[in-house]
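What follows is a set of notes on a single structure, which appears directly below.
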Amino acid sequence: MMVGQELRKALVMLHTARPGLIIGRKGAEVDRLRDEVVELTTKALEEGVPPGDILEQGLIAGMSVVGRRFKANEVYVPEVLIAARAMQGGLDVLEPKLKEAGVEPAGTVVLGTVKGDLHDIGKNLVGMMLKGGGLAVVDVGVDATPEEFVKAAQDSGAQVIAMSALLTTTMPQMPAVIKAVSESGLSVKTMIGGAPVTQAYADEIGADGYAADAASAVDKAVQLINA
Ligand code: B1M
């Protein structure tokens with residue numbers, strides 16, 4: 001997949017940006033790199049590459065290289081932020097295409113990243129896929145408290161609360177949300193996901209569902225809504 005490889009290269013290239021370069025250019029270089037990913041994503045869509053392939057082979061593949069290098073201390077937070085901003089640019093282009101494939105909402109999901117956690121790329125991806133899968137999504141954003149999840153579910157009549165966590169230190173917020181749901185008396189299912197989260201953890205804290213990635217999050221949400 002030629003364009004997918006190009007997208008991946010574009011994201012991989014972002015590691016080469018240095019913090020000094022970002023400060024020196026007052027954001028212009030950051031915008032240029034983001035624009036490049038937006039341009040490549042648009043071109044891929046125009047060429048008929050399926051949005052799912054652009055996601056998997058371009059944006060997600062590129063970001064996973066960034067993640068590996070971040071872990072190995074080869075790149076640092078500023079570089080990761082540039083990559084995240086570039087990836088979000090590509091996701092913004094893809095979102096309407098996923099929506100186009102959607103039908104009438106088959107249910108409503110409240111989605112958010114738990115308290116203390118600011119990672120939202122995966123959460124946004126899950127949201128896009130849920131919408132693409134025909135569900136209505138109420139996004140409570142990042143750093144969302146248990147009360148915010150519960151209130152959004154009450155206000156929207158959602159059938160599912162979906163929580164994302166990327167930090168081992170914020171995972172304990174997931175059982176806190178489940179407890180708040182139980183205390184509210186609401187009849188709403190809960191599901192969890194995010195890189196450090198597992199099915200075993202979902203079982204341990206009594207979540208109704210777990211999904212490893214954005215695509216299986218759709219299947220799980222639909223399954224919970226229809227249960
Ligand atoms: Co952070 N970060 N980060 N970071 N960051 C990780 C998560 C980390 C693994 C990096 C590392 O050390 N290798 C590490 C966590 C270690 C741990 O606890 N296990 C880490 C750390 C330590 C931190 C800080 C503490 C760093 C610091 O300041 N010293 C800090 C914490 C800030 C905070 O949240 N309070 C921090 C900050 C940041 C940035 C702000 C720089 C940036 C986030 C930008 C943003 O989100 N807007 C960032 C990024 C980008 C990453 C990495 C590199 C990439 C995360 C990402 O977006 N991946 C990440 C390393 C990595 O994961 N390889 C890392 C792409 C995304 C598509 O994948 O989110 O996993 P992911 O989502 C997947 C699945 O997990 C799943 O579907 C998605 C796609 O299929 N999924 C769900 C996600 N949510 C789901 C919910 C579901 C179902 C599936 O149902 C509800």
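The chain is numbered in sequence order, starting from 1. Hydrogens, waters and symmetry mates are skipped; everything else that's a heavy atom, side chains included, is used. Indexing begins at 1, ligand by ligand and atom by atom, following the structure's order.
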*Can you tell which part of Ala162 has a heavy atom less than 4.0 Å from ligand 1: side chain, backbone, both or neither?*
both
_ligand 1-proximal atoms of Met163, by part, heavy-atom distance under 4.0 Å_ = backbone
*Answer yes or no for atom 26 (C) of ligand 1: protein heavy atom present at a distance under 4.0 Å?*
no
_Closer than 4.0 Å: a protein non-hydrogen atom to atom 12 (O) of ligand 1_ = no
*asked:* With the threshold set strictly below 4.0 angstrom, can you tell me whether any protein non-hydrogen atom sits that near atom 36 (C) of ligand 1?
replied: yes
*Using a side-chain heavy atom cutoff under 4.5 Å and only I, L, V, M, F, W and Y, what cluster partners does Met163 have?*
Val110, Val114, Val138, Val140, Phe149, Val150, Ile161, Met171, Met174, Val177, Ile178, Val181, Leu186, Val188, Ile192, Val197, Tyr201, Ile205, Tyr210
_side chain to side chain contact (heavy atoms under 4.5 Å, CB included) partners of Glu147, counting only residues at least two apart_ = Thr145
*Before giving the answer on side chain to side chain contact (heavy atoms under 4.5 Å, CB included), spell out for Met191 and Leu224 the whole-Å C-alpha distance, their side-chain angles and the decisive distance to 0.1 Å.*
CA-CA 9 Å; Met191 63 180 279; Leu224 290 175; 3.9 Å; yes
*asked:* Among all protein heavy atoms in this structure, tell me which lies nearest to atom 39 (C) of ligand 1, with the distance rounded to 0.1 Å.
replied: Leu81 CD2, 4.4 Å
*So which heavy atom on Val126 is nearest to which on Ala217, and how close?*
CG1-CB, 3.9 Å
*Any N or O on Ala195 sitting closer than 3.5 Å to an N or O of ligand 1?*
yes
_If you measure every N or O of Gly116 against every N or O of ligand 1, does any of those distances drop under 3.5 Å?_
yes
*Is atom CD of Gln154 surrounded by more than 12 heavy atoms (other residues, nucleotides or ligands) closer than 6.0 Å?*
yes
*Please state which protein non-hydrogen atom is closest to atom 80 (O) of ligand 1 and give its distance, to 0.1 Å?*
Ala214 N, 3.0 Å
*Does atom 70 (O) of ligand 1 have a protein heavy-atom neighbour under 4.0 Å away?*
yes
*Could you pull out, from Leu118, Asn124, Thr168, the option with a heavy atom nearest to atom 19 (N) of ligand 1?*
Thr168
*Nearest-0.5 Å distance, CE of residue Met87 to OG1 of residue Thr41*: 10.0 Å
*Would you please test Asp92 and Arg34 for side chain to side chain contact (heavy atoms under 4.5 Å, CB included) and show each step?*
CA-CA 11 Å; Asp92 290 345; Arg34 181 183 185 277; 3.5 Å; yes
*Of the non-hydrogen atoms in Pro196 and Ala165, which two are nearest, and what is the gap between them?*
CD-O, 3.3 Å
_Is the contact between Ala212 and ligand 1 made by the side chain, the backbone, both, or neither, using heavy atoms and a 4.0 Å cut-off?_
backbone
*Nearest-neighbour protein heavy atom for atom 65 (C) of ligand 1, which is reported as residue plus atom name and distance*: Met63 CG, 3.6 Å
*Ignoring hydrogens, tell whether any protein atom lies closer than 4.0 Å to atom 8 (C) of ligand 1; use the non-hydrogen atoms only.*
no
*Does Gly194 come within less than 4.0 Å of ligand 1, judged by its heavy atoms?*
yes
_Asp117: numbered ligand 1 atoms lying under 4.0 Å from its heavy atoms_ = 34 (O)
_Residue part near ligand 1, for Val197, under 4.0 Å between non-hydrogen atoms_ = neither
*Identify the protein heavy atom lying closest to atom 63 (N) of ligand 1, giving its residue, its atom name and the separation to 0.1 Å.*
Gly67 CA, 3.6 Å
*What is the minimum heavy-atom distance between Thr113 and Asp120, and which atoms define it?*
OG1-CA, 4.3 Å
*Which atom names give the shortest non-hydrogen contact between Pro51 and Leu45, and what distance separates them?*
CG-CD2, 4.0 Å
*Electrostatic pair Asp213:Lys220 at N-O distance under 4.0 angstrom*: no
*Any idea which protein heavy atom is nearest atom 79 (C) of ligand 1, and the distance to it?*
Leu125 CD2, 3.6 Å
*asked:* Under 2.8 Å from atom 1 (Co) of ligand 1, which protein N, O or S atoms do you find? Ignore water molecules.
replied: His119 NE2
_To check your reading of the model: name the closest protein heavy atom to atom 44 (C) of ligand 1, its residue, and the distance in Å._
Ala84 CB, 4.0 Å
*Counting N and O atoms only, with roles assigned by atom type, does the side chain of Asp53 sit under 3.5 Å from a partner on the main chain of Val49, one being a donor and the other an acceptor?*
no
*Can you tell me which residue and heavy atom of the protein come closest to atom 47 (N) of ligand 1, and the distance to 0.1 Å?*
Asp120 OD1, 2.7 Å
*Determine whether the side chains of Asp203 and Gln199 contain a donor N or O and an acceptor N or O closer than 3.5 Å.*
yes
*Return the option from Ala72, Ala221, Ala211 holding the heavy atom at the smallest distance from atom 89 (C) of ligand 1.*
Ala211
*asked:* If you measure every N or O of Thr169 against every N or O of ligand 1, does any of those distances drop under 3.5 Å?
replied: no
*Write down the atom of Ser156, the atom of Ala152, and the distance for their closest heavy-atom approach.*
OG-O, 2.7 Å
*Counting distance only, does the side-chain N/O of Asp143 pair as donor-acceptor with the main-chain N or O of Leu118 below 3.5 Å?*
no
*Between atom CG of Asn124 and atom CG of Asp139, what is the distance when rounded to the nearest 0.5 Å?*
6.0 Å
*Heavy-atom nearest neighbour of atom 87 (C) of ligand 1 within options Ser216, Gly122, Gly193*: Gly193
*Answer yes if a protein heavy atom lies under 4.0 Å from atom 29 (N) of ligand 1, otherwise answer no.*
no
*Under 4.0 Å from a heavy atom of Met191: give me the atoms of ligand 1 that qualify, with their elements.*
90 (O), 91 (C)
*Could you grab the distance from atom CG of Leu166 to atom NE2 of His119, nearest 0.5 Å is fine?*
5.0 Å
*Which bit of Val126 gets closer than 4.0 Å to ligand 1, counting heavy atoms only: side chain, backbone, both or neither?*
side chain
*Might you check, step by step, whether the distance between atom 83 (C) of ligand 1 and some protein heavy atom is under 4.0 Å?*
yes
*asked:* Tell me which pairs pass side chain to side chain donor-acceptor pair (under 3.5 Å) where either residue lies in residues 164-174, with sequence neighbours left out.
replied: Asp117-Thr170
*Of all the heavy-atom pairs spanning Thr190 and Ala207, show the shortest one and how long it is.*
OG1-CA, 3.6 Å
*asked:* Side-chain heavy atoms nearer than 4.5 Å, only ILVMFWY residues, links allowed to pass through others: does that put Leu91 and Leu135 together?
replied: yes
*Exercise check, heavy-atom protein proximity under 4.0 Å to atom 59 (C) of ligand 1*: no
*Can you find an N or O of Lys123 that's nearer than 3.5 Å to an N or O of ligand 1?*
no
